[in-house]
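Scroll down for the structure; my scribbles are underneath it.
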Amino acid sequence: MNISKQLINWYTDNKRDLPWRNTTNPYFIWLSEIILQQTQVVQGRPYYDSFTATFPTVFDLANAEEQEVLKLWQGLGYYSRARNLHASAKYIVKELDGKFPDTFDQIIKLKGVGDYTASAIASICFNQVTAVVDGNVYRALSRIYGIDTPINTSKGFKEFKTLAQQLIDPKQPATFNQAIMEFGARLCKPKNPDCNSCPFNTICVALQKNIISDLPVKLKTVKVKKKYFNFIVALSKDNKTILEKRTGSGIWQNLYQFPLIETDKSASHTIIESQVKNLDLFKGHNITLSLYNDKAIIHKLSHQHLYTKFWIVNLNDDLESGILFDEITNYPVPILIGNFIEKFNF
DNA sequence: AACTCGGGGGC
DNA sequence: GCCCCAGAGTT
């Protein structure tokens, strides 16, 4: 039996019952694929449920405000996915009359959709023979075939894409694609793969050579930068605080945060106090500054470690601008801010 | 080709 | 502490 058939057989016996596996509606499949980019099923699943419930059709998503979409995305990370999702929904409604594109070449034109996602949608929804290459595929194929080409190079991508395209069952591309991914996620795991029950344990090159833990090969990890964030939490007599929208490039684009003072090292009370008093926000107000968390919260992102302190600014009067405490949960915020808001309990 | 973009979980 | 996750966009 060939590898494709064996993968599909394994999948038939071992697949999880997941909500997006009970539909071929391209809108739902698209939602699931965007949500699952760089995201494990257990983390993404509740977001899939809330998005399909809140936006049952592409028209509902297109008609929403971006802030509402970001709020629903809050906590999932990689927020450009949510912004691109929303922009593409508008494009589908306005330019395509609400009809989802039905070929790989048209699907990949959507913002936020690359080779992987276009291949997944084209195969699952439209039966196109387009092989997916994701982290699971890299891992499974690199081990079974003993391929040590680095996966995060264009050469590596082409090599694995070509191999996957050769393996895919042209009669059931959707099942094959989901089978190889499920196989990578559940059996051929990064750590402690279940080789004992693997259907390929007699042919797996990596297993025979005892180099399972060396594959797949990935080139150099990026080094992590430290940043020092000081968030200024204003508290006014009329129960208001200040949130600002993050603009420009960088992390958390279009999400909200307390006014931020970034320093090049851990800042003292004196330093922050002098900078806070210079903020236009507090001109003409008497303020009292106090530190909320003496020990910095270390918020770890893939490429940054954020050493974070929250500073409380008590005002002895009202704020003309600012938002009411009761409205604070309407705003999409990074989980770092969200955790503070929850704990502070405005 | 290298860098940027989140947050959670396994070990 | 390091690596990975149903990757894509920008430089």
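Proteins get letters first, then strands, A, B, ... in listed order; numbering begins at 1 in each.
Contacts classified as side chain to side chain donor-acceptor pair (under 3.5 Å) and involving residues 325-343 of chain A (residues at least two apart or in different chains) are not found. Counting only residues at least two apart or on different chains, the side chain to side chain donor-acceptor pair (under 3.5 Å) pairs with a member in residues 314-324 of chain A are A:H285-A:D317. Applying the side chain to side chain donor-acceptor pair (under 3.5 Å) test to every pair with at least one member in residues 165-176 of chain A, sequence neighbours left out, gives these pairs: A:D169-A:Q172. Contacts classified as salt bridge (charged side-chain N to carboxylate O under 4.0 Å, His left out) and involving residues 235-254 of chain A (residues at least two apart or in different chains) are given here: A:D238-A:K240. Sorted by first and then second residue, the pairs that involve residues 49-76 of chain A and meet side chain to side chain donor-acceptor pair (under 3.5 Å), not counting sequence neighbours, are A:T57-A:D60, A:E66-A:N254, A:Q67-A:Y256, A:K71-A:Q74.
When all heavy atoms of A:F160 and A:T149 are compared, the closest pair comes out as CE1-O, 3.9 Å.
Aromatic rings from A:F231 and A:F310 are positioned such that their centres are separated by under 6.0 Å.
The stretch residues 121-138 of chain A touches DNA chain C through A:D134, A:G135, A:N136, each having a heavy atom within less than 4.0 Å of the strand. Within residues 148-180 of chain A, no residue places a heavy atom under 4.0 Å from DNA chain C.
For the pair A:L18 CG and C:dC5 P, the interatomic distance rounds to 17 Å; values are reported in whole Å. Counting to the nearest Å, the P atom of C:dA8 and the CG atom of A:L110 are 12 Å from each other. C:dC3 atom C1' lies 8 Å from atom NZ of A:K218, rounded to whole Å. Atom CG of A:L85 and atom P of C:dA8 are 13 Å apart (whole Å). If you measure from atom CZ of A:F183 to atom C1' of C:dA6, you get 16 Å, rounded to the nearest angstrom. Look at CZ on A:R16: it is 13 Å from P on C:dC5, rounded to the nearest Å.
Through direct or indirect side-chain contacts shorter than 4.5 Å among Ile, Leu, Val, Met, Phe, Trp and Tyr, A:F282 is connected to A:I232, A:I242, A:I261, A:I272, A:V276, A:L279, A:L281, A:I287, A:L289, A:L291, A:W311, A:V313, A:L315, A:L319. Side-chain contacts under 4.5 Å among hydrophobic residues (ILVMFWY), followed directly or transitively, place A:Y307 together with A:Y228, A:I298.
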What string of B, S and - do you get for nucleotides 4-11 of chain B 5' to 3' if you count protein non-hydrogen atoms under 4.0 Å?
-> SBBBS--S
Can you give the dot-bracket line for DNA chain B, where a pair is Watson-Crick or G-U wobble with both atom distances under 3.5 Å, crossing pairs use [ ], and | marks a partner on another strand?
-> |||||.|||||
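Shown are A:Y11, A:F200, A:F176; of these, the ring-ring contact (aromatic ring centres under 6.0 Å, His included) with A:F183 is made only by A:F200. Among A:K15, A:K189, A:R21, the single residue meeting the salt bridge (Lys or Arg N to Asp or Glu O under 4.0 Å) criterion with A:E182 is A:R21.
A:K300 meets the salt bridge (Lys or Arg N to Asp or Glu O under 4.0 Å) test with no other residue; sequence neighbours excluded.
Counting non-hydrogen atoms of neighbouring residues, nucleotides and ligands closer than 6.0 angstrom, the CG atom of A:D97 reaches no more than 12 such neighbours.
The same atom, P, is picked in B:dC11 and in C:dA6; the two are 14 Å apart, to the nearest Å. Nucleotides C:dC5 and B:dC5 place their C1' atoms 14 Å apart, quoted to the nearest Å. The separation of C:dT11 from B:dG6, taken at their P atoms, amounts to 15 Å, rounded to a whole angstrom.
Among the protein residues, A:W73 comes within range of no part of the nucleic acid, since none of its heavy atoms lies under 4.0 Å from any strand. Using a 4.0 Å heavy-atom criterion, one finds that A:S32 contacts no nucleic acid atom at all.
Using a 4.5 Å cut-off between side-chain heavy atoms of Ile, Leu, Val, Met, Phe, Trp and Tyr, with links allowed through other members, A:V133 and A:L36 fall into different hydrophobic clusters.
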